[in-house]
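Naming convention: chains lettered A, B, ... in sequence-line order (proteins, then strands); numbering from 1 in each chain.
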Protein chains: 2
Amino acid sequence: MSLSQLEYFVVVAEEEHLSRAAKRLHVSQPPLTRQIRALEDELETKLFERTPRGMRLLPTGVRLLEHARGILNAVERARMDLRVGLPRDPAR
Amino acid sequence: MSLSQLEYFVVVAEEEHLSRAAKRLHVSQPPLTRQIRALEDELETKLFERTPRGMRLLPTGVRLLEHARGILNAVERARMDLRVGLPRDPAR
DNA sequence: TCAAATTACGGTCGACGTAAGGATC
DNA sequence: GATCCTTACGTCGACCGTAATTTGA
């Protein structure tokens with residue numbers, strides 16, 4: 001599991017559509033397909049159901065979506081917190 | 001920033017010593033040096049002070065350490081939660 | 001047939017390890 | 001000189017994009 005896989009996953013889960021997700025992410029479809037599959041392989045769980053209309057998020061995918069957003073937000077908070085000049089604990 | 005960088009960072013921060021950290025992580029020193037530096041470069045902050053005895057964690061590094069542990073724990077929780085057979089919300 | 005996902009394939013970029021190079025006591 | 005961390009360098013695996021293939025209404 002990598003952070004970029006989680007980013008990919010969140011967008012695909014939101015769009016439920018690979019090619020739209022690819023546009024939003026500025027990548028082509030193949031990397032998305034592969035990374036999503038790699039995630040499913042690693043977690044030993046199917047996250048989406050593939051249909052001719054797109055990808056439908058499965059219940060396990062819904063759960064991962066919550067985790068993924070939390071993780072990516074935590075990363076973002078870390079980045080913000082480390083940004084130069086931020087004092088230790090200004091309020092206390 | 002990658003998850004493996006964060007894992008590397010946490011161990012180096014705990015050991016304050018590259019070669020011990022390398023042993024714990026089953027990698028050689030050079031990757032550690034490089035990844036820690038890459039992290040510092042990306043965050044535009046020094047995380048450690050290099051001394052002839054080892055690496056001393058700087059205040060900014062202490063802050064990142066907290067974030068990093070939180071992120072890695074969140075990843076671990078996600079993995080556990082997705083592990084097969086776990087029911088939706090058993091208590092409620 | 002059309003629109004979607006997937007697989008094939010070639011190229012590039014990143015990460016590792018061994019080995020060599022400082023720096024500090 | 002010993003013990004750190006770092007840089008050099010070659011190799012190998014990972015990821016991407018274009019193009020071809022498959023699948024289902």
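Atom CD in Gln29(A) sits about 9 Å away from atom C1' in dA4(C), given to the nearest Å. Taking atom CZ of Arg37(B) as the reference point, atom C1' of dT6(D) lies 8 Å away to the nearest angstrom. In this entry the distance linking CZ of Arg34(A) with C1' of dG17(D) reads 8 Å, nearest Å. Distance His17(A) NE2 to dA3(C) P: 11 Å, rounded to the nearest Å. Rounded to whole Å, atom P of dC5(D) lies 11 Å from atom CD1 of Ile36(B). Atom-to-atom, CD of Glu49(B) to P of dT24(C) comes out at 12 Å; the value is rounded to the nearest Å. Atom CD in Glu15(B) sits about 12 Å away from atom P in dC4(D), given to the nearest Å. In this structure, CG of Asp41(B) is placed 14 Å from P of dG14(C), rounded to the nearest angstrom.
Of all nucleotides listed (dT6(C), dC15(D), dT7(D)), dC15(D) comes nearest to the side chain of Gln35(A). The listed nucleotides are dG17(C), dG17(D), dC16(C); the one nearest the side chain of Ser28(B) is dG17(C). With distances taken from any side-chain atom of Arg50(B) to the nucleotides dG24(D), dC25(C), dC5(D), the minimum falls on dC5(D). Comparing dG17(C), dT6(D), dA19(D) against the side chain of Leu18(B) picks out dT6(D) as the nearest.
Between the side chain of Gln29(A) and the backbone N or O of Leu18(A), no donor-acceptor pair lies under 3.5 Å. With hydrogens and angles disregarded, a donor-acceptor distance shorter than 3.5 Å links the side chain of Glu42(B) to the backbone of Met1(B). The backbone N or O of Ser2(B) lies less than 3.5 Å from a partner atom in the side chain of Gln5(B), making a donor-acceptor pair.
In terms of position on DNA chain D, the residue among Leu32(A) and Pro52(A) whose nearest nucleotide sits closer to the 5' end is Leu32(A).
Contacts of Ser19(A) with the nucleic acid, taken as non-hydrogen atoms under 4.0 Å apart, involve only primed sugar atoms and P, OP1 or OP2. Counting non-hydrogen atoms under 4.0 angstrom, Phe48(A) reaches nothing in the nucleic acid. Among the atoms of the strands shown, none is found under 4.0 Å from any heavy atom of Thr51(A).
With hydrophobic clusters built from ILVMFWY side chains whose heavy atoms lie under 4.5 angstrom apart, Leu3(B) shares a cluster with Leu82(A). Hydrophobic clustering (side-chain heavy atoms under 4.5 Å, transitive across Ile, Leu, Val, Met, Phe, Trp, Tyr) keeps Leu58(B) apart from Leu43(B).
An OP1 or OP2 oxygen of dC15(D) is reached within less than 4.0 angstrom by no side-chain nitrogen or oxygen of Tyr8(A).
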